[in-house]
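Structure record follows, encoded as structure tokens.
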Number of protein chains: 2
Amino acid sequence: MKLGKLTDSPKVRRYDDACGTAHALDLIGERWALLVMRELMLGPKRFNDIRADLPGISANVLTQRLAGLEASGLLQRRKLPPPAYAQVYELTDWGYEAEPIVCSLGRWAARSPAHDPTLPISASSIMLSFRTMFDAQRAKGFEAVILFRLGGESFTARIADARLVITRGESESVNVTFTGSPIALAGAVYGGQPLDALDAAHALKTEGDHAMAERFTTLFPLPPKVGQS
Amino acid sequence: MKLGKLTDSPKVRRYDDACGTAHALDLIGERWALLVMRELMLGPKRFNDIRADLPGISANVLTQRLAGLEASGLLQRRKLPPPAYAQVYELTDWGYEAEPIVCSLGRWAARSPAHDPTLPISASSIMLSFRTMFDAQRAKGFEAVILFRLGGESFTARIADARLVITRGESESVNVTFTGSPIALAGAVYGGQPLDALDAAHALKTEGDHAMAERFTTLFPLPPKVGQS
DNA sequence: CGGCATCCGGGAAGATACTG
DNA sequence: CAGTATCTTCCCGGATGCCG
């Protein structure tokens, strides 16, 4: 039997630096930490759902990150009311305020020559990327409600007044429904793959107003890769 | 004699994730990487100067980070022309584009209850923090050129038209000169310490127009800590 | 099934010493 | 000054197993 030192100094490896950026890295600089927060950006999730959307993370590390983020005040564990009872992890208000960080990182790295968009992507990731890459100019005069069914998770995007609002869950009066995998949706929006080809390949089913669906896929221009133009 | 495997896959630990945020962490998610970039945000530096401003980093790790960032296309090594000859590290254009990330991280983490502003801070950090926290409203109608001499490094801040421009180096027609340590300057701007007290303590010398100096210190309001109002 | 503790192997980070 | 070499420590990732 071994008893962990009671005086166990937390032994956290910190940057002893008053700079806010350095402190941010103390909070979310550990491996996986920011991706865990990304997965929670669109609403609370349970342990195994986070884990499933972060291929490569071990249960071990996920437990540590959740505990660390909770101790920092960035997320809370919450028991769902009956009849669900399940325990979920939910960002605090301050945690949600990290969204600009996630988005600016994503926008910046999209210019990387080494970025490989064919890798797997989670549902939360691509919905967040829409918030990041949305071009208000291109959306002028466009009004639509788009429903996404991505492997068990549903999201609704509402576009009006050149603004985009994305929420978790289904919705009424939907103009377009996309059903399929996040990667196929990414192919349509970012890879320039035609919707009918994806439909024919049974990768992404498009239902509803196809003109609106086509227009939707044009609203998220990628920044130019470095070294180009 | 040992021969490293030629087929040695770089063995970089990557997130296999198409999400831009995840790719950003592949690029700058390693420990110290973003702080190295922060130190270069205001202009090129040489190895030992970066090292001196990042207390805690070992030469070993700094070498690795510089090599990694160079391989990713985020910085370049450059030989200064005669008579300096020294080798310096300089961010590429794309590297400089990471400034919004550094700033949004800093602004977000400034709300943390665990943030300790009494820790040491580098000259680059505090000059960058001015860019981050600058409040254009408060600067309306204020015009000033402020020179900072912070332990061997000089920076100039120009405020006009409710805009702030910070550059490395000295300048002509200066209204105010601050001379001292970065931490003392932080005390004045963020800690509410009176300039004359800092001057009396020989921590920060203020020369020139003291009214302008006082006003300058009010232009950088900190966001409220979480849990407060 | 969901959440967490434990053990282990490999590799990254930290500290120090050394070299051109 | 600008790194390299070496050694130690600790974190990450994987597997297993406990417990509600």
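Proteins come first, then strands; the chains are lettered A, B, ... in the order of their sequence lines, and each starts at number 1.
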**Asked** Does OP1 or OP2 of dC4(C) have a side-chain N or O of R51(A) closer than 4.0 Å?
**Response** no
**Request:** Write down the distance between CG (L35(B)) and P (dA13(C)), rounded to a whole number of angstrom.
**Result:** 13 Å
**Prompt:** R13(B) side chain: which of dA2(D), dG13(D), dC11(D) is closest?
**Reply:** dG13(D)
**Request:** Measure the distance from CZ on F47(B) to C1' on dT4(D) and round it to the nearest whole Å.
**Result:** 10 Å
**Item:** Side chain of N60(A) (C-beta onward), nearest among dG14(C), dG13(D), dA2(D)
**Value:** dG13(D)
**Complete:** Among dA13(C), dC7(C), dC12(D), the one nearest any side-chain atom of R31(B) is dA13(C)
**Request:** Specify the separation, in whole Å, of atom NZ of K79(A) and atom P of dG3(C).
**Result:** 8 Å
**Item:** Geometric class of the F130(A)/F216(A) ring pair [parallel <30°, tilted 30-60°, perpendicular >60°]
**Value:** perpendicular
**Item:** Length of the CD-P vector between E30(B) and dC11(D), whole Å
**Value:** 17 Å
**Asked** R65(B) has an atom CZ; how far is it from atom C1' of dG3(D), in whole Å?
**Response** 16 Å
**Request:** Can you figure out which of dC12(D), dG3(C), dG3(D) approaches the side chain of Y89(A) most closely?
**Result:** dG3(C)
**Request:** Could you please name the option among dA15(C), dC4(C), dA2(D) that lies closest to any side-chain atom of Q87(B)?
**Result:** dA2(D)
**Complete:** Atom OH of Y15(B) and atom P of dG13(D) are separated, to the nearest Å, by 7 Å
**Message:** Side chain of W32(A) only, heavy atoms from C-beta on: which candidate in dA2(D), dA15(C), dG13(D) is closest?
**Reply:** dG13(D)
**Complete:** Against the side chain of A86(B), the closest entry in dA2(D), dG13(D), dG2(C) is dA2(D)
**Fill in**
Against the side chain of V61(A), the closest entry in dG13(D), dA5(C), dG14(C) is dG13(D)
**Request:** Measure from NZ or CZ of R77(A) to the centre of the six-membered ring of F47(A), then state whether that distance is under 6.0 Å and the direction lies within 45° of the axis.
**Result:** no
**Asked** Of the nucleotides dC4(C), dG3(D), dC12(D), which has the atom closest to the A59(A) side chain?
**Response** dC4(C)
**Item:** Pair S125(B)-R38(B), side-chain donor/acceptor within less than 3.5 Å
**Value:** yes
**Message:** Could you check whether any side-chain N or O of H115(B) sits under 3.5 Å from a backbone N or O of A18(A), counting only pairs where one atom can act as donor and the other as acceptor?
**Reply:** yes
**Request:** Please state how far atom CG in D16(A) lies from atom P in dG14(C), giving the value in whole angstrom units.
**Result:** 11 Å
**Request:** Among the candidates dT4(D), dA5(C), dC1(D), find the nucleotide nearest to the side-chain atoms of T63(A).
**Result:** dA5(C)
**Request:** Measure the distance from CD on Q64(A) to P on dC11(D) and round it to the nearest whole Å.
**Result:** 9 Å
**Message:** Pair E170(A), R149(A) - check salt bridge (Lys or Arg N to Asp or Glu O under 4.0 Å), show working.
**Reply:** CA-CA 9 Å; E170(A) 307 258 336; R149(A) 290 214 179 92; 2.9 Å; yes
